[in-house]
2 protein chains.
Amino acid sequence: MKMYKKWLKDTQLKVTPARLNILKTLDQADGFLTADDLFMTLKPKINNLSLSTVYRALDQLEAVKLIESATLENKKEVQYELAHTKHAHHLICLSCGKVIHIHECPVHDFAKSMNNQHHFKVTSHTLDLYGYCEDCQ
Amino acid sequence: MKMYKKWLKDTQLKVTPARLNILKTLDQADGFLTADDLFMTLKPKINNLSLSTVYRALDQLEAVKLIESATLENKKEVQYELAHTKHAHHLICLSCGKVIHIHECPVHDFAKSMNNQHHFKVTSHTLDLYGYCEDCQ
DNA sequence: CTCAATGCAAATCCTTTGCATACCT
DNA sequence: AGGTATGCAAAGGATTTGCATTGAG
């Protein structure tokens, strides 16, 4: 599993335990994780890990676009996920918090029409659907 | 302008200067406002107004569904707007921060299809488009 | 008069920073 | 050595809370 190492090298970021493990953990998680989630998960694995290292690593990984951050409604903490899973939209369960990534998107034509109607040049968008997953209904 | 007073009475909330003026200010604003925006605007008008009063009033107004809160990408503060302007989506200018409310929505059929494909019961959604407004392009 | 609303200050929560030390090449 | 990364502790910003006082109905 040296894939993560390659990702880092390709961005010219140094390979450090914190960065490596953050990528790995985000890759294996199926939803979003917060800085503190990552800290709790990695603390037992990385000697003396500190929360600020996690925050700094997340900032750097986001800067080189390996990961992306998002803020979900009603959550104050910033959430992180691997970049390539982004550009998906989300089904977010209001009961158990599960996040399902979906890849279809009904927005493209809509964005074009906004461009025409409001002379607004759309460069990106977020679309999150809230509700109840199969298990929680 | 006793409309706001009626709104409050209908919810059984007491009519106080803070609540009244928050509703009025949100009504007249065309975008979102933060707790601090409201505090700054109302401080000169309301004697001794304190920030915590604003926060408490916002919580209560949201609890009775007169207003709604949202968190926008890359903003850490919670944003507020009148409830009836909600269910709109937003064009958010990355340059000047202007927010344009739009009332069309391409999501309804999409939500239905999620229900079928993922057995996920969608109850609400957010859709925000980021880009550049006419003035900032 | 009574209970909810308020002001103020202190407390919290999440995140960021400063600085001295440890690590990598 | 030279620069980045890290840990720790302290600083910050947004929001919340405790408590005594004020105010609305």
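Here is the naming used below: chain letters follow the sequence lines, and residue numbers restart at 1 for every chain.
Summary of the strand contacts: B:Thr53 and A:Gln79 both lie near DNA chain C, and taking for each the nucleotide with the nearest heavy atom, the more 5' one is attributed to B:Thr53. Mapping B:Asp59 and A:Ser52 onto DNA chain D by nearest heavy atom places A:Ser52 closer to the 5' end of the strand. Along DNA chain C, the nucleotide nearest A:Ala35 and the nucleotide nearest B:Gln60 are compared for position; the residue whose nucleotide lies closer to the 5' end is B:Gln60. Of the residues near DNA chain D, B:Thr16 and B:Glu77, the one whose nearest nucleotide (by heavy atom distance) lies more toward the 5' end is B:Glu77.
Rounded to whole Å, atom C1' of D:dG13 lies 15 Å from atom CG of B:Asp37. When the C1' atom of C:dA5 is taken as reference, atom CG of B:Asn21 falls 15 Å away, rounded to whole Å. Straight-line distance from the CD1 atom of B:Ile46 to the C1' atom of D:dG23: 14 Å, rounded to whole Å. Rounded to whole Å, the distance from CD on B:Gln12 to P on D:dG25 is 13 Å. A straight line from CZ of B:Phe39 to P of D:dT16 spans 15 Å, rounded to a whole angstrom. One can place CG of A:Asn47 at 20 Å from P of C:dT21, the figure rounded to the nearest angstrom. Going from atom CG of B:Asp36 over to atom P of D:dT16 covers 14 Å, rounded to whole Å. D:dG13 atom C1' lies 13 Å from atom CE of B:Met40, rounded to whole Å.
Side-chain N/O atoms of B:Arg19 and base N/O atoms of D:dG23 include no donor-acceptor pair closer than 3.5 Å.
B:Ala57 comes within 4.0 angstrom of nothing in the nucleic acid, heavy atoms only. Within 4.0 Å (heavy atoms only), B:Thr34 reaches no atom of the nucleic acid at all.
Contact check, B:Asn48 against C:dC8: a side-chain N or O comes under 4.0 Å of OP1 or OP2.
A:Glu134 places no side-chain N or O within 3.5 Å of a backbone atom of B:His119 that could act as its donor or acceptor partner.
Open room surrounds CD on A:Gln12; 12 or fewer heavy atoms of other groups in view lie less than 6.0 Å from it.
Out of D:dG25, D:dA14, C:dT6, the shortest distance to the side chain of B:Tyr55 is found at D:dA14. Distance from the side chain of B:Ala18 is smallest for C:dT6 among the nucleotides D:dG25, D:dC8, C:dT6. Proximity note for B:Lys14 (side chain, C-beta onward) versus D:dT15, C:dT6, D:dA24: the nearest is D:dA24. In this structure, the nucleotide among D:dT15, C:dT6, D:dC8 sitting nearest to the side chain of B:Arg56 is C:dT6. Candidate nucleotides D:dT15, C:dT16, D:dC19 were compared by shortest atom distance to the side chain of B:Leu51, and D:dT15 ranks first.
Between B:His89 and B:His125, the ring-plane angle classifies as tilted under the 30° and 60° cut-offs. Aromatic ring orientation, A:His101 versus A:Phe32: tilted (interplanar angle from 30° to 60°).
Among A:Leu49, A:Leu42, A:Thr41, the one residue that satisfies the side-chain contact (heavy atoms from CB on, under 4.5 Å) test with A:Asn21 is A:Leu42.
Using modelled atom types, one finds a donor on one side chain and an acceptor on the other under 3.5 Å when comparing A:Glu62 with A:Ser69.
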